[in-house]
Amino acid sequence: MTSQIKKICCIGAGYVGGPTMAVLADRCKDIKVTLVDIDKKRINAWNDKDLSKLPVFEPGLKEIIKRNRNKNLFFSTDIANTIKEADMIFISVNTPTKTSGFGAGYASDLKWVESSARQVAEYSSGHTIVVEKSTVPVRTAELIQNILSESEENSFISNIKKSFSVLSSPEFLAEGTAINDLENPDRVLIGGEDNNAMRSLSGIYERWIPANKILFTNVWSSELSKLTANAFLAQRLSSINAISALCEATGAEIKEVSNAIGADKRIGKKFLDAGPGFGGSCFQKDILNLVYLCQYYGLEKISRYWEHVLIVNNWQKERIASLVVEKLFGTVTNKKIAMFGFAFKANTNDTRESPSISIAKDLLENGANLMINDPQVLPYQIEKELCKKESKIFSEKEGSWSFNSNLNECVKDADALIILTAWDEYKEINFEKFSKLMRKPSWVFDTRKIISKNSLKGTGIKFWQVGMGECSSL
Ligand code: NAD
Ligand code: UDX
């Protein structure tokens, strides 16, 4: 028999938990959905009356929160009671790469998944369906199941009945388009063994997603499909970025090459934009995880195959930083450089693994004074990522950075402008005006291919674009 789900708890109110549960609550008004988090500040921000202070910026999210918050959508730090009441619990906590201990630099750190499972084991009551939503190594559901089984056994002794069904339902949303991805997903994956629990979960998704888009698999296939999807997507980006360098060397144009190959239906048009290297909290972490898993199972050559996707990605970021230095007469020491974009992609305030971080660090190491702009990222995030305090007075000896929300002030007296995130506001730049503000010879480096060559014509600005190289006919 399928359980009637009335109360859902989501552990982890981050970039996945927040939007996912907001859409679920929006589509299932009869279900009470509560997100819990150990981070009080984050929960306070989700509850802030001023919707511009939500901790996650995602187009369309504000409106959904406004419609549903404190009706059937709640944000709380009361983990114990929320778990106790829930019929279904989503685990949507962070699973970053381990920074120390066995597997450091490769394996996922599962301590937050484990602590979530322990919280569920301790506080739940009755029958609870536990859904693993975080991206995890294959067989993590076993870890959760083992912790919960212990508590099932103890519950018989203590007479407080507890039982659990563990499912895997990884999330495929991409930041910046999360709401649309959640409302119209290509597919939803449900991995498990307990048919009733699987039907209860699919019954929720079916309220707004066609049944034929819901795929049922065993738990391990579900877990591995998530890692594989991200590895394939990232591999595609490293492939097109590798070809972008070859285009620059040979005079071929990356846009023409991607259009030509994308016209083949087997390849497809999407996800073929060369750029400064992929960022975001998922691709690198999930490939490292895959590399580690392959090593663990003795598949050394396969592990090296996937690792190369990351090697090419890091190379793309480094080559862009070094190209900027080279074009500026081999030195950026004490030169002002404007950087437009710090988020890892447009339409998000997320900076995790953003290519802007390593490019900024390389330029700072070379003594540059960076003036950074981003419409959604706040200076404290940049400070955290660069491990360097903002300095309003540019340093004479070593590189420094400063944030400025005014684009004109960013480029005033700058030798170069590097465009790193494809925000709409950067597509409309008036380069005639910029050319008067910048120091000559001035450069624009467009790592996202969002600037048309025509907009620079007659300005005297030198122009470099990824996959095109230096444009000579300006
Ligand atoms: P996040 O860091 O934004 O959010 C995770 C939240 O979990 C944090 O706020 C943290 O405080 C909270 N948390 C950790 N342990 C907790 C506990 N024991 N109890 C209560 N709260 C706890 O992470 P995210 O970006 O939302 O990612 C979550 C998972 O989803 C990861 O496994 C990630 O790989 C996966 N994923 C992320 C994306 C994405 O676009 N960000 C997409 C698909 C899948
Ligand atoms: C990714 C997956 O797409 C998503 O399915 C998964 O759930 C989480 O990881 P996300 O990292 O949020 O999503 O964004 P995505 O659109 O995949 O972009 C990742 C990086 O690749 C960004 O830095 C983006 O700028 C870059 N990218 C993407 C390109 O450089 N070119 C492209 O054509 C597409």
Side-chain angles (χ1 to χ4, degrees), residues 9-17 20 36-38 79 83 86 88-124 128-152 163-173 188-194 197-198 201 215-232 234 281-299 302-303 306:
C9 162
C10 176
I11 306 179
Y15 282 89
V16 167
T20 308
V36 293
D37 205 293
I38 41 175
I79 297 176
I83 289 179
M88 183 176 273
I89 297 174
F90 287 83
I91 297 180
S92 187
V93 296
N94 37 322
T95 50
T97 307
K98 276 181 91 170
T99 51
S100 59
F102 295 124
Y106 288 92
S108 282
D109 195 338
L110 293 177
K111 72 174 175 227
W112 291 277
V113 171
E114 181 179 336
S115 66
S116 302
R118 289 188 187 279
Q119 286 162 343
V120 175
E122 184 172 354
Y123 301 122
S124 65
T128 313
I129 298 173
V130 179
V131 185
E132 179 190 78
K133 190 139 269 304
S134 296
T135 305
V136 289
V138 191
R139 301 202 79 89
T140 300
E142 207 166 33
L143 172 161
I144 299 173
Q145 185 66 62
N146 285 344
I147 291 171
L148 298 180
S149 298
E150 287 279 327
S151 111
E152 255 175 14
S163 59
F164 304 97
S165 297
V166 179
L167 303 177
S168 156
S169 185
E171 185 46 60
F172 293 95
L173 68 81
V188 163
L189 206 51
I190 300 179
E193 283 168 7
D194 175 346
M198 289 163 92
L201 180 56
L215 311 180
F216 298 95
T217 65
N218 79 33
V219 185
W220 321 129
S221 307
S222 171
E223 291 176 334
L224 185 58
S225 300
K226 174 63 201 177
L227 292 185
T228 308
N230 274 356
F232 269 56
S281 64
C282 294
F283 284 167
Q284 176 171 305
K285 156 179 87 75
D286 294 346
I287 292 183
L288 287 169
N289 194 342
L290 197 61
V291 166
Y292 184 73
L293 273 173
C294 293
Q295 275 168 9
Y296 179 83
Y297 289 104
L299 302 165
I302 311 296
S303 124
W306 286 111

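Owing to the predicted nature of the structure, the values given are computational and were not obtained by experimental measurement.
Put simply, the side chain of C9 reaches to within 4.5 Å of the side chain of I89, judged on heavy atoms. Counting heavy atoms from C-beta on, the side chains of Y297 and L293 come closer than 4.5 Å. Counting only heavy atoms from C-beta outward, the side chains of P137 and L110 approach each other to under 4.5 Å. Side-chain atoms of P96 and S281, non-hydrogen and from C-beta on, never get closer than 4.5 Å to each other. The closest side-chain heavy-atom distance from K285 to T95 is below 4.5 Å. For the pair V36 and Q119, the minimum side-chain heavy-atom distance is 4.5 Å or more.
Rounding to the nearest 0.5 Å gives a distance of 8.0 Å between CD1 of I144 and OG of S116. Separating the OG1 atom in T20 from the CG atom in L173 is a distance of 5.0 Å, to the nearest 0.5 Å. Expressed to the nearest 0.5 Å, how far CZ of F232 lies from CZ of F283 amounts to 13.0 Å. Put simply, CD1 on I129 and OG on S124 are 12.5 Å apart, with the number rounded to the nearest 0.5 Å. Rounding to the nearest 0.5 Å places CG of L201 at 4.0 Å from CD1 of I190. With values rounded to the nearest 0.5 angstrom, E132 atom CD is found 9.0 Å from L143 atom CG.
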(request) Please assess Q145 against V219 for the test side chain to side chain contact (heavy atoms under 4.5 Å, CB included), listing each intermediate value before the final yes or no. (result) CA-CA 12 Å; Q145 185 66 62; V219 185; over 6 Å; no

(request) Start with the C-alpha distance between N289 and T97, add both sets of side-chain angles, then the distance that settles side chain to side chain contact (heavy atoms under 4.5 Å, CB included), and finish with yes or no. (result) CA-CA 8 Å; N289 194 342; T97 307; over 6 Å; no

(message) I'd like to know whether R118 forms a salt bridge (Lys or Arg N to Asp or Glu O under 4.0 Å) with E114, so could you lay out the CA-CA distance, the side-chain angles of the two residues, the decisive distance to 0.1 Å, and finally the verdict.
(response) CA-CA 6 Å; R118 289 188 187 279; E114 181 179 336; 2.8 Å; yes

(request) Just do the side chain to side chain contact (heavy atoms under 4.5 Å, CB included) check on D194 and V166 with the steps written out, would you? (result) CA-CA 8 Å; D194 175 346; V166 179; over 6 Å; no

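Pairing each heavy atom of F164 with each of S151, the nearest pair is CE1-OG, 3.5 Å. Looking at every heavy atom in both residues, V93 comes nearest to I11 through CG1-O, 3.5 Å. Counting all heavy atoms, side chain and backbone alike, G17 lies closest to C10 at CA-SG, 3.9 Å. In terms of heavy-atom proximity, I287 sits nearest to A234 at CD1-CB, 3.5 Å. Here the closest heavy-atom approach between residue V131 and residue S169 is recorded as CG1-CB, 3.6 Å. Contact record, L167 with M198: CD2-CG, 3.6 Å, taken as the closest heavy-atom pair.
The environment of E142 atom CD is dense: over 12 non-hydrogen atoms of other residues, nucleotides or ligands sit within 6.0 angstrom. Other residues, nucleotides and ligands contribute at most 12 non-hydrogen atoms within 6.0 Å of the OH atom of Y106.
E171 places no side-chain N or O within 3.5 Å of a backbone atom of V16 that could act as its donor or acceptor partner. No donor-acceptor pair under 3.5 Å is formed between the side chain of S108 and the backbone N or O of V136.
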